[in-house]
Amino acid sequence: STQSTWEAPVSDREYMMTLSDTQHWIEVANRMLEEGKKDDLLPREANPSAPITAYRYLSLTTKYGDDDMFSSDFTDQELHDKLSHIKVPSMLVFSGSDEYVPSHVDKKLLLNRLFNSISGSVYCFIEDADHAITNHSEEFIEKVVQFI
């Protein structure tokens, strides 16, 4: 049977808006789109971890962008509209010490709201885990094995 596991379902937009230069790169990406260059790469400093196109950058950083999926400022209805199409049993794994979740986000509340938007889902909250669960990998593996 088909199942899915979602490790660290967090908002790229909310994290990226905590960075000092995000607004600048949004403006650059918007200019590129206006010039018909949506598939051109932004300068490397826009996203030092990996090359990124103007379109993808805006998809991640713009409210309601294609990849803006797990933002805490969505209404319950908006989360439902984004996630209710998922019809397979899904496990949501949230890290209590995720460094990519801004401090103003109530992680447990967000996890509960995501859970309520996906029918047939289960969740676990690993209190002291970082984003990649590197410090609780055995616990994470055990939870996934129990789920599947």
Side-chain angles (χ1 to χ4, degrees), residues 3-34 37-86 88-144 147:
Q3 299 164 317
S4 69
T5 301
W6 300 26
E7 185 267 329
V10 301
S11 170
D12 293 286
R13 174 175 57 87
E14 287 181 314
Y15 169 70
M16 291 174 82
M17 294 311 286
T18 68
L19 305 176
S20 62
D21 57 351
T22 297
Q23 193 58 47
H24 165 73
W25 292 116
I26 288 172
E27 292 167 10
V28 170
N30 274 320
R31 278 195 304 275
M32 291 172 69
L33 253 65
E34 290 168 7
K37 300 177 180 177
K38 71 177 186 129
D39 295 324
D40 286 6
L41 293 176
L42 284 166
R44 187 61 182 232
E45 48 286 6
N47 192 49
S49 62
I52 192 165
T53 65
Y55 179 83
R56 172 86 170 128
Y57 193 85
L58 291 172
S59 178
L60 291 168
T61 59
T62 306
K63 189 166 185 177
Y64 309 117
D66 290 344
D67 293 304
D68 188 15
M69 300 295 293
F70 310 115
S71 296
S72 66
D73 60 353
F74 284 149
T75 66
D76 289 340
Q77 185 61 53
E78 289 169 332
L79 282 174
H80 176 76
D81 292 346
K82 285 206 168 263
L83 302 172
S84 65
H85 69 279
I86 300 163
V88 298
S90 300
M91 178 182 205
L92 308 174
V93 183
F94 215 92
S95 303
S97 295
D98 192 319
E99 64 274 24
Y100 293 105
V101 178
S103 60
H104 72 271
V105 174
D106 182 329
K107 295 174 183 90
K108 288 183 179 178
L109 176 61
L110 178 58
L111 175 59
N112 190 55
R113 293 177 65 221
L114 295 172
F115 165 76
N116 288 330
S117 297
I118 304 170
S119 65
S121 65
V122 299
Y123 67 87
C124 74
F125 188 87
I126 303 176
E127 193 67 46
D128 297 321
D130 59 18
H131 181 74
I133 313 180
T134 57
N135 57 341
H136 285 273
S137 57
E138 288 184 21
E139 181 180 354
F140 171 65
I141 292 166
E142 287 175 20
K143 298 282 188 189
V144 172
F147 173 66

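The salt bridge (charged side-chain N to carboxylate O under 4.0 Å, His left out) check on Asp76 picks up Arg113, with sequence neighbours excluded. For the salt bridge (charged side-chain N to carboxylate O under 4.0 Å, His left out) test, residues two or more places apart in sequence or in another chain that qualify with Asp67 are Arg56. Applying the side chain to side chain donor-acceptor pair (under 3.5 Å) test to Ser90 and every residue at least two apart in sequence or in another chain returns Ser4.
In this structure, CD1 in Ile118 is found 4.5 Å from CG in Leu83, a value given to the nearest 0.5 Å. To the nearest 0.5 Å, the span separating CG on Leu114 from CG on Leu110 amounts to 4.5 Å. The distance from atom CD of Glu7 to atom CG of Leu92, rounded to the nearest 0.5 Å, is 11.5 Å. Rounded to the nearest 0.5 angstrom, His136 NE2 and Ile141 CD1 are separated by 13.0 Å. To the nearest 0.5 Å, atom CE of residue Met16 and atom OG1 of residue Thr18 are 9.5 Å apart.
Between Phe125 and Phe94, the ring-plane angle classifies as parallel under the 30° and 60° cut-offs. Note: Tyr100 and Tyr15 have perpendicular aromatic rings, judged against thresholds of 30 and 60 degrees for the angle between ring planes.
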Exercise for the section: Mind running side-chain contact (heavy atoms from CB on, under 4.5 Å) on Thr62 and Asp68 for me, showing each step along the way? Expected result: CA-CA 7 Å; Thr62 306; Asp68 188 15; over 6 Å; no
Handout entry: side-chain contact (heavy atoms from CB on, under 4.5 Å) between Ile133 and Ser95, worked out
Key = CA-CA 7 Å; Ile133 313 180; Ser95 303; 3.5 Å; yes
Handout entry: side-chain contact (heavy atoms from CB on, under 4.5 Å) assessment of Leu42 paired with Asn47
Key = CA-CA 8 Å; Leu42 284 166; Asn47 192 49; over 6 Å; no
Practice task
Apply the test side-chain contact (heavy atoms from CB on, under 4.5 Å) to residues Asp130 and Ser97: give CA-CA distance (whole Å), side-chain angles for both, the deciding distance (0.1 Å), then the verdict.
Solution key: CA-CA 5 Å; Asp130 59 18; Ser97 295; 5.6 Å; no
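Of all non-hydrogen atoms in Ala29 and Tyr57, the two that sit nearest each other are CB-CD2, 4.4 Å. Nearest approach of Asp128 to Asn135, heavy atoms of both residues: O-ND2, 2.8 Å. Minimum interatomic distance between His80 and Ser117 (heavy atoms only, all atoms of both residues): N-OG, 3.6 Å. Heavy-atom minimum distance, Leu60 versus Asp12: CD2-OD2, 3.5 Å. The nearest pair of heavy atoms linking Ser59 to Asp66 is OG-CB, 3.3 Å. Heavy-atom minimum distance, Phe70 versus Val10: CD1-O, 3.4 Å.
Side-chain contact between Leu33 and Lys38 is present, with heavy atoms from C-beta onward closer than 4.5 Å. Taking 4.5 Å as the limit, every side-chain heavy atom of Lys107 sits out of range of all side-chain heavy atoms of Glu127. Arg13 has its side chain within reach of Asp73: a pair of non-hydrogen atoms, C-beta onward, lies under 4.5 Å apart. You'll find the side chain of Phe140 stays beyond 4.5 Å of the side chain of Cys124, heavy atoms only. The shortest distance between side-chain heavy atoms of Val105 and Glu14 falls below 4.5 Å. Side-chain contact check for Ser121 versus Met91: every heavy-atom pair is 4.5 Å or farther apart.
For Glu138, the CD atom sits in a loose shell: 12 or fewer heavy atoms of surrounding residues, nucleotides or ligands are nearer than 6.0 Å. For Tyr55, the OH atom counts as loosely surrounded, since its 6.0 Å shell holds 12 or fewer non-hydrogen atoms of other residues, nucleotides or ligands. Applying the 6.0 Å contact sphere to NZ of Lys82 captures more than 12 heavy atoms from other residues, nucleotides or ligands.
In summary, the side chains of Asp81 and Gln77 do present a donor paired with an acceptor at a separation below 3.5 Å, with no hydrogens or angles considered.
Remark: the backbone N or O of Asn112 is paired with a side-chain donor or acceptor of Asn116 at under 3.5 angstrom.
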